[in-house]
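Note sheet for the following structure.
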Amino acid sequence: MSRTDSSTYEGFTAEERAAMKDHAREQKTAARHGSRADKAAETERNVLAKIAEMQDSDRIMAERVHTVITASAPVLAPKLWYGMPAYALDGKVVCFFQSAAKFKARYATLGFSDQAKLGEGTMWAAGFALTEVTAEVEARIGALVKQAVS
């Protein structure tokens, strides 16, 4: 097949390739043998280590988001998902924190997957831009996470 000059696809960005490599490493780690409790503890350590690697403002927000999510919905298990802190129910990601630096974005994002029970009518938000995590934002995150798993 021949390519036309109008083709603009240049492949994945370096950030996208890095995220895919992170995901492959996460899958290998999850497949290791060991007790469920040991795996959960290791996974949480990995999430906290990934948060610690973030730039200052992203790290501060990610730490607060992690605290709010784990307190608001203890049924969610922290895990890494494409190199991002994520929170899963029965192994399926419900929500995640994407740092601004991850894809060179203007703001960090709190995102929800289709597993989250946030549906209201025919349209609802599945992602929220974060520039700062205030007490009001923490309360909103807590309420959303509780709704997502209810």
Side-chain angles (χ1 to χ4, degrees), residues 11-150:
F12 295 107
T13 65
E15 293 81 10
E16 290 168 331
R17 284 192 302 278
M20 289 185 283
K21 287 178 183 178
D22 285 340
H23 186 62
R25 267 191 302 277
E26 293 155 13
Q27 295 299 313
K28 286 180 185 178
T29 299
R32 288 187 194 144
H33 296 288
S35 74
R36 188 173 292 181
D38 289 345
K39 283 184 181 181
E42 180 183 4
T43 302
E44 180 149 19
R45 282 192 302 272
N46 293 340
V47 168
L48 295 173
K50 184 60 80 171
I51 290 171
E53 293 173 5
M54 294 179 186
Q55 295 175 0
D56 288 343
S57 62
D58 284 341
R59 181 182 41 75
I60 292 165
M61 287 190 290
E63 289 170 346
R64 292 181 74 184
V65 166
H66 177 79
T67 300
V68 170
I69 291 173
T70 55
S72 300
V75 297
L76 292 178
K79 68 182 279 179
L80 288 175
W81 186 61
Y82 293 96
M84 297 178 283
Y87 305 87
L89 181 62
D90 299 327
K92 296 182 180 182
V93 171
V94 173
C95 58
F96 61 91
F97 177 85
Q98 179 180 303
S99 71
K102 180 78 174 169
F103 295 108
K104 298 178 183 170
R106 193 174 94 201
Y107 47 78
T109 304
L110 174 64
F112 290 87
S113 75
D114 60 341
Q115 299 297 310
K117 298 174 184 167
L118 297 178
E120 294 177 6
T122 58
M123 184 174 140
W124 58 89
F128 298 87
L130 295 173
T131 57
E132 183 181 7
V133 179
T134 63
E136 180 182 328
V137 171
E138 285 181 353
R140 178 112 189 261
I141 291 170
L144 284 168
V145 170
K146 285 176 185 175
Q147 181 182 348
V149 296
S150 64

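- With F97 as the partner, the side chain to side chain contact (heavy atoms under 4.5 Å, CB included) test is satisfied by one option alone out of K50, M84, M61: M61.
- To the nearest 0.5 Å, atom CG of residue L80 and atom CD of residue E44 are 11.0 Å apart.
- The side-chain contact (heavy atoms from CB on, under 4.5 Å) test applied to L89 returns V75, L76, V94, not counting sequence neighbours.
- Annotation: side-chain contact (heavy atoms from CB on, under 4.5 Å) contacts of S113 (sequence neighbours excluded): Q115.
- Separation of atoms NZ (K21) and CZ (R17) is listed at 7.0 Å; rounding is to 0.5 Å.
- Ionic pairing of R45 and E42 is not present here: no N-O contact between side-chain nitrogen and carboxylate oxygen is shorter than 4.0 angstrom.
- Legend: residues meeting side chain to side chain donor-acceptor pair (under 3.5 Å) with D58, ordered by chain and number and at least two apart, are absent.
- At distances below 3.5 Å, not a single donor-acceptor pair connects side-chain atoms of R106 with backbone N or O atoms of A100.
- Qualifying side chain to side chain donor-acceptor pair (under 3.5 Å) partners for D114, counting only residues two or more places apart in sequence or in other chains: none.
- Between F103 and Q98, some side-chain heavy-atom pair lies under the 4.5 Å cut-off.
- More than 12 non-hydrogen atoms from other residues, nucleotides or ligands lie less than 6.0 angstrom from CZ of F128.
- Between V65 and L130, the closest side-chain pair of non-hydrogen atoms falls below 4.5 Å.
- For R25, the side chain to side chain donor-acceptor pair (under 3.5 Å) test picks out D22, with sequence neighbours left out.
- Residues G83 and K102 share a closest heavy-atom pair of CA-NZ, 3.8 Å.
- With sequence neighbours left out, the ring pair (Phe, Tyr, Trp, His ring centres under 6.0 Å) criterion links F96 to W81.
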Side-chain atoms of residues 138-150: list all donor-acceptor pairs with protein atoms under 3.5 Å, sequence neighbours left out, distances to 0.1 Å.
from : atom 1 : to   : atom 2 : distance (Å)
E138 : OE2    : R64  : NE     : 2.7
E138 : OE2    : R64  : NH2    : 2.8
Q147 : NE2    : E120 : OE2    : 3.4
S150 : OG     : Q147 : O      : 2.9

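- A pairwise comparison of heavy atoms in A125 and L118 identifies O-CD1, 4.2 Å as the closest pair.
- For E15, the salt bridge (charged side-chain N to carboxylate O under 4.0 Å, His left out) partners two or more places apart in sequence, or in a different chain, are K104.
- For T70, the side-chain contact (heavy atoms from CB on, under 4.5 Å) test picks out H66, P78, Y87, with sequence neighbours left out.
- You'll find the side chain of V68 stays beyond 4.5 Å of the side chain of V133, heavy atoms only.
- Partners of T122 under the side-chain contact (heavy atoms from CB on, under 4.5 Å) rule, at least two apart in sequence or in another chain, do not exist in this structure.
- Scored by the side chain to side chain donor-acceptor pair (under 3.5 Å) test, E16 finds T13 as partners (sequence neighbours excluded).
- Within the structure, the salt bridge (charged side-chain N to carboxylate O under 4.0 Å, His left out) test picks out no pair touching residues 73-101 (sequence neighbours left out).
- At a threshold of 4.5 Å between non-hydrogen side-chain atoms, the residues P85 and M54 count as touching.
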